[in-house]
Amino acid sequence: MTDEVDARYAYTNRIESTLSISSKNATCKSTVQGSSKTVTKIVVKQTLQYKSGTKWLNVTSWVETVNKSSVSFNNTKYNIGSGTYRVKTTADVYSGSKYETVTAFSKTASC
């Protein structure tokens, strides 16, 4: 699921969070694209979440830091339990010492 980034964001062009589940394995993908002219670093945190009632609980998280203007970050959680899941992607997008934080959620998927 791609989030069109609000115009108020100065450095981020696109953030995308996707989830696919197959054979009890959850494959998580996060993509962040900053402005190639201004972005110097991206710190992205990818969190697999499980739905419990009306709440979303964190299952596991991964963090990646890149010194460039875009990143595509993939991880797999193996042997997950039955239920409904999503991926939360949060990124700090830097331009020099300044940064902004953007967030996107994947569509839900069930196991």
Side-chain angles (χ1 to χ4, degrees):
M1 181 171 135
T2 301
D3 282 9
E4 293 299 328
V5 175
D6 193 296
R8 65 192 169 93
Y9 290 118
Y11 316 128
T12 309
N13 293 337
R14 184 171 70 98
I15 180 169
E16 185 176 14
S17 192
T18 62
L19 171 64
S20 61
I21 296 176
S22 178
S23 302
K24 291 191 174 291
N25 300 326
T27 300
C28 309
K29 182 176 181 179
S30 300
T31 302
V32 183
Q33 184 179 70
S35 169
S36 60
K37 294 182 180 180
T38 58
V39 170
T40 55
K41 181 172 76 170
I42 299 173
V43 181
V44 56
K45 182 178 181 180
Q46 182 185 80
T47 304
L48 179 65
Q49 297 183 316
Y50 167 80
K51 192 172 186 181
S52 176
T54 59
K55 296 182 180 179
W56 288 95
L57 306 179
N58 294 344
V59 177
T60 190
S61 295
W62 301 270
V63 177
E64 175 89 343
T65 300
V66 298
N67 293 309
K68 54 185 181 178
S69 62
S70 64
V71 59
S72 186
F73 187 35
N74 304 304
N75 292 285
T76 301
K77 175 68 174 175
Y78 297 97
N79 198 29
I80 62 173
S82 298
T84 300
Y85 294 83
R86 72 180 182 184
V87 174
K88 178 182 180 180
T89 300
T90 301
D92 292 333
V93 181
Y94 285 79
S95 177
S97 61
K98 298 179 181 180
Y99 73 94
E100 62 192 10
T101 302
V102 293
T103 301
F105 295 92
S106 71
K107 293 180 179 179
T108 60
S110 296
C111 179

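Counting only heavy atoms from C-beta outward, the side chains of Ile80 and Ile21 approach each other to under 4.5 Å. Using a 4.5 Å heavy-atom threshold, the side chains of Val39 and Ser95 count as separate.
Closest non-hydrogen pair, Ser69 versus Ser35, comes out as CB-O, 3.9 Å. Listed here is the closest heavy atom pair of Thr103 and Lys88: CG2-CE, 4.0 Å. When all heavy atoms of Thr40 and Gly96 are compared, the closest pair comes out as OG1-N, 3.1 Å. For the pair Glu64 and Val71, the tightest heavy-atom approach, listed with the atom from each and the gap, is CG-CG2, 4.2 Å.
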For Thr47 and Ser61, run side-chain hydrogen bond (donor to acceptor under 3.5 Å, both in side chains): C-alpha distance rounded to whole Å, both residues' side-chain angles, the deciding distance at 0.1 Å, then the answer. CA-CA 4 Å; Thr47 304; Ser61 295; 2.9 Å; yes

For the pair Lys68 and Ser36, evaluate side-chain contact (heavy atoms from CB on, under 4.5 Å) and give the outcome as yes or no after the intermediate values. CA-CA 8 Å; Lys68 54 185 181 178; Ser36 60; over 6 Å; no

Apply side-chain contact (heavy atoms from CB on, under 4.5 Å) to Thr27 and Lys29, showing your working. CA-CA 7 Å; Thr27 300; Lys29 182 176 181 179; 5.9 Å; no

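Remark: Leu19 CG to Lys77 NZ distance equals 13.5 Å, nearest 0.5 Å. Interatomic distance, OG1 of Thr108 versus CZ of Arg86, reported as 9.0 Å (0.5 Å rounding). Between atom CD of residue Gln33 and atom CD of residue Glu16 there is a gap of 10.0 Å, rounded to the nearest 0.5 Å. Between the OG1 atom of Thr12 and the CD1 atom of Ile42 there is a distance of 7.5 Å, given to the nearest 0.5 Å. Distance CD1/Ile15 to OG1/Thr101: 10.0 Å, rounded to 0.5 Å.
Each ring pair (Phe, Tyr, Trp, His ring centres under 6.0 Å) pair with one or both residues in residues 27-83, not counting sequence neighbours, appears once here: Tyr50-Tyr85.
Cluster note: Val43 groups with Val63, Tyr94, Tyr99 through ILVMFWY side-chain heavy atoms spaced under 4.5 Å, whether in direct contact or through intervening members.
Checking each of Thr89, Asn74, Asn75 against Gln46 for a side chain to side chain donor-acceptor pair (under 3.5 Å) leaves exactly one that passes, namely Asn75.
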